[in-house]
Q: 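Okay, here's the structure, questions in a sec.
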Amino acid sequence: MSNPAVPPRSLAEALRARDDDSLAALLRARPDLITPVPTDLTQLATRAGTRASVVRALERLDLFALRTAEALAVAADPAPCAELERLLTGDAGDPAVSAALPRSLGSLREQALVWGDDDRIRLVRTARELLAPSPQHPSPTGLGPTVQEATAGMSPGRVQEIVTAAGLGSTHDAVSAVASLTALFTDRKRMSALLDDLPEESRAVLSRLVWGPPYGQVTSDPAAHLRRLLDLGLLVPTAPGTVVLPREVALHLRGGRAHREVEPLPPAVEPAATHRPQVVDATAAGQAYTALATVEELLKDWDEGGPAVLRAGGLSVRDLKRTAVALDVSEPVAAFWVELAYSAGLLASDGEADERYAATPAHDEWLEQPPARRWARLAEAWLTATRTSGLVGGRDAKDRTLSALGPGLDRGAAPEVRHRVLTLLAGLPEGASPSAESVLARLRWERPQRREEDLRSRLAEWTLKEAELLGVTGRGALSGHGRALLGTTAPRTPDAVPQGPGDKLPVHHRPAPAAEALSPAEQATASAAAARLLAPLLPEPLDHVLLQADLTAVAPGPLRRPLAEVLDVLADVESKGGATVYRFTPGSVRRALDAGQSASDLHAFLAAHSRTPVPQPLTYLIDDVARRHGHLRVGAASSYVRCDDDALLNEILADKRAAGLRLRRLAPTVLAAQADPASLLDGLRAMGFAPAAESAEGDVLITRAHAHRTPPRSAPEPVPDGPPVPDATLLAAAIRAVRAGDLASTTPRKQGDRPPLPSGELPRTGAAETLATMQAAVLTGEALWIGYVNAEGAASQRVIAPVRVEGGFVTAYDHTADEVRTYPLHRITGVAELAGD
């Protein structure tokens, strides 16, 4: 550990002064630094300063932390905290900014973007290069280069002319002249007097450039008011026809502020409407029931095999439209349900030569679960999935259409955005629903530097709509079971504003890193709790219907599964809603008879499950269809029709609609056809007859739908948005290894007569010297520094305390691994004694 009284001279020294908790916070905030685990703190600091890692860290800053980093990029290096505060607050000051600055600096320090104490704050070099003003990459502050940078290519004579025109004494060199000019521009009193002497047209030019961009165009013969600005150095030429406003001038005109707006506190998510929590929960439960019914209907529609898989993967536009019509929803909503079932592992492609989508074996297990548990599985899949149904119908980077269930729909930010939006809703009082605009404004404050800003806004909008469809929210407010799904059982306190530097910002005011998401085990527990809260709110399945004289049956609520399955075969669904209306038709009754039911079975079924007497018209319908059912028999010759009633066969032959079947009489009771049995069945039924298929033995075939299932399939794995956040065990092991590696690389060694080794170089000693040094260390109990090459050829340096040397092996306590290990002596490259304890 470094001496805390000595200011760190590098980021590595600043990291070396941190405790383990602080290093763990850094690795949680920037998980890319731990893959692979750095060998020591110097390597960790180097990795923390790489461009890719810094860009990722900047993207995860909130607006005020980013404004602080941008201000540091235009401040002196290093900069005292007082100067940074002046850049953020301006000459007038801002108590809210001053109060929030310690938290912002703490966040930047925690993520190793800033190091040094408050008197010498340094922004890491890569971050400064990314945020500092340059002609190629203008600064978000709108500031330009400093006077020194802007005049770097100017001739010394021209610099002296500017100094003289500004009323300053000439100097003997350009460096002192630029310093004198800089002192003038940073002196508030003298600068105000200089600007007051300018004509109004000149001041108007400066006002147009003050908030950026700081560059402007001039002609080769500028007007007098522009020439005056150029003569005084208030505008500096950077290229032919281009001038720039120096940073010091812009800061004076801005009143010392680096930004026009700072926004130290996040915008509050204000409630747009408030409802009673009971109403919210009841509404959400109704939506949850509708979600279950919709997914069940989708999978039932694809039970015998769904749409074909496109060659490039996914559903065709036509199949998506058909699915939307079948579910009675719009196409975007249909895409959401299809993707949700896929993410939950309930449907997949069957993998056959004629590849089609179908339900998975997991679907049958899902159907056997209680409704609340089924909903919890859907909600959990939605919350953690990276597949984004809102992209369906859009275009990818190669201008190809994105299709439902197809590739290209994964967005790693989706789970984080969903979780964050619901967390913001959980921070409101129970029953309060926010406006979409306030939620989007909050998310933009939390991630202003995000490259996919438009995508994040769309993800947030889709989250609000999908949460309502799924029943996580009701009337726009988070439900009780929705809170449980997040792992919270009570609403958080409303947004609070810190009152002073010592006050901590509430958790929901800070950006929600991926670490806030629950682990799989925690999410499973939260989903179970959500199911327990939802279960009492869902309607109980009914075991009865209401039969009516107009050949309809009304189901006043959800039906138990056996009743619903038989009724779906016996009748057609006419309308849905709070009560489902079924209609009995000759075709639907024939469908039930084809499935193996007899007329007596149907009568008994209806009598057992109807709260009203079975209407006579329905009884007559069943008996009439059953009387004619199977009177004609169709088999395979190519196909044939046989019937004991030759008059009925004569009627078929005389019907013009039978011409396409190419029938001819083989016997008084048998007709032969060129069509196959299935086509013959369909043709005769279209003519109004009720034929039945028979087997080669002459038995009636029962035509029952055969469910088509895919082989066992697992749900698609989410595509992470960057490296995963390490858990506590991995963090502890990584920090221990980094500390030990740092000890091995920084502990002073006795060099003796040998020259010092370059940094990172392994010690090199002969076998005899290595053995002798090891044996002496066993006797004295001293620790040694060794170089070691493992069986895979990876070299490392370690600090060990030898315990025993025998048989070509050394047994020692390894400070790097924090355990006792045994090493072959022939793999030790060399050894050196440590200079101290």
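Residues: numbered from 1 along the sequence shown. Values reported hereafter were calculated over all heavy atoms of this structure, with side chains retained and with hydrogens, waters and symmetry mates removed.
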Q: Any side-chain heavy atom of Arg442 within less than 4.5 Å of one from Pro266?
A: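 Counting from C-beta outward, Arg442 and Pro266 do come under 4.5 Å.
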
Q: Can any side-chain N or O of Thr386 pair as donor or acceptor with the backbone N or O of Val719 at less than 3.5 Å?
A: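 Yes, the answer is positive, given that a donor and an acceptor are paired below the 3.5 Å cut-off.
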
Q: Would you say CZ of Arg395 has more than 12 non-hydrogen atoms from neighbouring residues, nucleotides or ligands within 6.0 angstrom?
A: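 Yes.
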
Q: Between Arg203 and Asp196, what is the shortest heavy-atom contact and its length?
A: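 Closest heavy-atom pair between Arg203 and Asp196: NH1-O, 3.6 Å.
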
Q: Test Arg103 against Asp62 for salt bridge (Lys or Arg N to Asp or Glu O under 4.0 Å), laying out the working first.
A: CA-CA 11 Å; Arg103 174 188 65 85; Asp62 63 49; 3.5 Å; yes

Q: Quick one: list whatever passes side chain to side chain contact (heavy atoms under 4.5 Å, CB included) with Leu194, sequence neighbours left out.
A: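 Testing Leu194 for side chain to side chain contact (heavy atoms under 4.5 Å, CB included), a comparison that skips the adjacent residues, returns Leu184, Phe185, Met191, Leu232, Leu234.
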
Q: Any salt bridge (charged side-chain N to carboxylate O under 4.0 Å, His left out) involving residues 235-248? Give me the pairs, sequence neighbours left out, ordered by first then second residue.
A: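 Every pair satisfying salt bridge (charged side-chain N to carboxylate O under 4.0 Å, His left out) with a residue in residues 235-248: Glu149-Arg247.
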
Q: Under a 4.0 Å N-O cut-off, is there an ion pair linking Asp94 with Arg257?
A: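 No.
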
Q: According to side chain to side chain contact (heavy atoms under 4.5 Å, CB included), who are the partners of Pro214, at least two apart in sequence or on a separate chain?
A: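 Pro214 satisfies side chain to side chain contact (heavy atoms under 4.5 Å, CB included) with Val244, Leu245 once adjacent residues are dropped.
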
Q: Find the distance between CG (Asp118) and CG (Leu101) and round it off to the nearest 0.5 Å.
A: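 Asp118 CG to Leu101 CG: 8.5 Å, rounded to 0.5 Å.
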
Q: Testing the basics here: between Pro199 and His225, what is the closest heavy-atom pair and its distance to 0.1 Å?
A: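 Scanning both residues completely, I find the closest heavy atoms to be CG-CB, 4.5 Å.
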
Q: Can I get a per-line list of side-chain donor-acceptor pairs under 3.5 Å for residues 168-177, giving both atom names and the distance, sequence neighbours left out?
A:
{"residue": "Thr171", "atom": "OG1", "partner": "Gln160", "partner atom": "NE2", "Å": "3.0"}
{"residue": "Thr171", "atom": "OG1", "partner": "Asp173", "partner atom": "O", "Å": "2.8"}
{"residue": "Thr171", "atom": "OG1", "partner": "Ser176", "partner atom": "OG", "Å": "3.1"}
{"residue": "Thr171", "atom": "OG1", "partner": "Ala177", "partner atom": "N", "Å": "3.3"}
{"residue": "Asp173", "atom": "OD1", "partner": "Val175", "partner atom": "N", "Å": "2.9"}
{"residue": "Asp173", "atom": "OD1", "partner": "Ser176", "partner atom": "N", "Å": "2.8"}
{"residue": "Asp173", "atom": "OD1", "partner": "Ser176", "partner atom": "OG", "Å": "3.3"}
{"residue": "Asp173", "atom": "OD2", "partner": "Ser176", "partner atom": "OG", "Å": "3.2"}
{"residue": "Ser176", "atom": "OG", "partner": "Asp173", "partner atom": "O", "Å": "3.0"}

Q: Taking C-beta and beyond as the side chain, do Leu253 and Leu195 meet within less than 4.5 Å on heavy atoms?
A: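 Leu253 reaches Leu195 side chain to side chain.
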
Q: Main chain of Ala223, side chain of Arg228: is a donor-acceptor contact present, judged purely on distance under 3.5 Å?
A: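 Side chain of Arg228 to backbone of Ala223: no pair is present.
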
Q: For a side-chain contact (heavy atoms from CB on, under 4.5 Å) check, start with the C-alpha distance between Val205 and Leu229, then their side-chain angles and the critical distance, and finish with the verdict.
A: CA-CA 9 Å; Val205 171; Leu229 296 176; 3.9 Å; yes

Q: Any idea which heavy atoms bring Gly476 and Pro434 closest together, and the distance?
A: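 Of all heavy-atom pairs spanning Gly476 and Pro434, the closest is O-CD, 3.7 Å.
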
Q: Taking side chain to side chain contact (heavy atoms under 4.5 Å, CB included) as the test, write out the residues that go with Pro723, two or more places apart.
A: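 Expected list: Pro31, Asp32, Arg56.
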
Q: Keeping the roles fixed (side chain from Ser202, backbone from Leu198), state whether a donor-acceptor pair exists under 3.5 Å.
A: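 Not at all, since once roles are kept as given, no pair shorter than 3.5 Å links the two residues.
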
Q: Can you list everything that forms a salt bridge (Lys or Arg N to Asp or Glu O under 4.0 Å) with Arg411? Sequence neighbours excluded, please.
A: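 None.
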
Q: So Tyr215 and Leu235, do their side chains get closer than 4.5 Å, heavy atoms only?
A: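 No, every pair of side-chain atoms sits at 4.5 Å or beyond.
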
Q: What is the minimum heavy-atom distance between Val236 and Pro246, and which atoms define it?
A: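 Result for this residue pair: CG2-CG, 3.8 Å.
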
Q: Is a salt bridge present between Arg125 and Glu129, judged by a nitrogen-to-oxygen distance below 4.0 Å?
A: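 Yes, Arg125 and Glu129 are salt-bridged.
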
Q: Of all the heavy-atom pairs spanning Arg418 and Leu383, show the shortest one and how long it is.
A: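 The pair with the smallest heavy-atom distance is NH1-O, 4.1 Å.
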
Q: How far does CZ of Phe64 sit from NE2 of His259, to the nearest 0.5 angstrom?
A: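 Nearest 0.5 Å value for the CZ-NE2 distance: 10.0 Å.
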
Q: What's the spacing between Leu251 CG and Leu87 CG if we round to 0.5 Å?
A: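 If I round to the nearest 0.5 Å, the distance is 6.0 Å.
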
Q: Check the pair Arg47 / Ser53 against side chain to side chain donor-acceptor pair (under 3.5 Å), numbers first and verdict last.
A: CA-CA 7 Å; Arg47 193 177 297 175; Ser53 181; over 6 Å; no

Q: Does Leu181 form a side-chain contact (heavy atoms from CB on, under 4.5 Å) with Val159? I'd like the steps, not just the answer.
A: CA-CA 9 Å; Leu181 196 61; Val159 174; 6.0 Å; no

Q: Using a 4.5 Å cut-off on heavy atoms from C-beta on, say whether the side chain of Val97 contacts that of Glu85.
A: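 No - every pair of side-chain heavy atoms lies 4.5 Å or more apart.
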
Q: Is the backbone N or O of Arg158 less than 3.5 Å from a side-chain atom of Ser155, with the two atoms forming a donor-acceptor pair by type?
A: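 Between the backbone of Arg158 and the side chain of Ser155 there is a qualifying donor-acceptor contact (under 3.5 Å).
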
Q: Measure the shortest side-chain to side-chain distance between Ile121 and Asp77 over non-hydrogen atoms and say whether it is less than 4.5 angstrom.
A: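 No. Closest side-chain heavy atoms not under 4.5 Å.
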
Q: Side chain to side chain donor-acceptor pair (under 3.5 Å) for Ser438 and Ser435? Distances and angles first, verdict last.
A: CA-CA 6 Å; Ser438 67; Ser435 63; 3.2 Å; yes

Q: Does any non-hydrogen side-chain atom of Trp115 lie less than 4.5 Å from one of Arg109?
A: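 They are not in contact (no side-chain heavy atoms under 4.5 Å apart), so the answer is no.
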
Q: Which distance, rounded to the nearest 0.5 Å, do you find between the CG of Leu108 and the CG of Leu72?
A: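 Atom-to-atom, Leu108:CG and Leu72:CG are 7.0 Å apart.
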
Q: Hey, are the side chains of Thr42 and Arg16 touching, using non-hydrogen atoms and a 4.5 Å cut-off?
A: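 Yes. Closest side-chain heavy atoms under 4.5 Å.
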
Q: Tell me, with the steps shown, if Asp91 and Arg86 meet salt bridge (Lys or Arg N to Asp or Glu O under 4.0 Å).
A: CA-CA 7 Å; Asp91 296 339; Arg86 281 195 301 270; over 6 Å; no

Q: Could you walk me through whether Val210 and Arg254 pass side-chain contact (heavy atoms from CB on, under 4.5 Å), step by step?
A: CA-CA 7 Å; Val210 64; Arg254 294 180 179 192; 3.6 Å; yes

Q: Hey, could you give me the OG/CZ distance between Ser330 and Phe336, rounded to the nearest 0.5 Å?
A: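 Between atom OG of Ser330 and atom CZ of Phe336 there are 11.5 Å.
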
Q: Mind running side-chain contact (heavy atoms from CB on, under 4.5 Å) on Leu27 and Leu44 for me, showing each step along the way?
A: CA-CA 10 Å; Leu27 297 178; Leu44 177 62; 4.1 Å; yes

Q: Under a 3.5 Å distance rule, please check whether Thr242 uses its side chain to pair with a backbone N or O of Thr238 as donor and acceptor.
A: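 Side chain of Thr242 to backbone of Thr238: no pair is present.
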
Q: For a 4.5 angstrom cut-off between non-hydrogen side-chain atoms, does Val54 reach Thr50?
A: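 No, every pair of side-chain atoms sits at 4.5 Å or beyond.
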
Q: For Arg67 and Val262, which heavy atoms make the closest approach, and how far apart are they?
A: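 In this case the closest contact between Arg67 and Val262 is CG-O, 3.9 Å.
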
Q: With a 6.0 Å cut-off (strictly less than), is the heavy-atom count around CZ of Arg188, excluding the residue itself, greater than 12?
A: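 More than 12 within 6.0 Å, yes.
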
Q: Around atom CZ of Arg387, are there more than 12 heavy atoms of other residues, nucleotides or ligands at under 6.0 Å?
A: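 Yes, because the 6.0 Å sphere around CZ of Arg387 holds more than 12 heavy atoms from other groups.
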
Q: I'd like to know if the side chain of Thr473 and the backbone of Glu468 have a donor-acceptor N/O pair within less than 3.5 Å.
A: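 Such a contact is found between Thr473 side chain and Glu468 backbone.
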
Q: Mind checking the CG-OG1 spacing from Leu409 to Thr388? Nearest 0.5 Å is all I need.
A: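 The OG1 atom of Thr388 is 7.0 Å from CG of Leu409, to the nearest 0.5 Å.
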
Q: With the threshold set at 4.0 Å, does a side-chain nitrogen-carboxylate oxygen contact exist between Arg60 and Glu416?
A: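 A salt bridge is present here (some side-chain N lies under 4.0 Å from a carboxylate O).
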
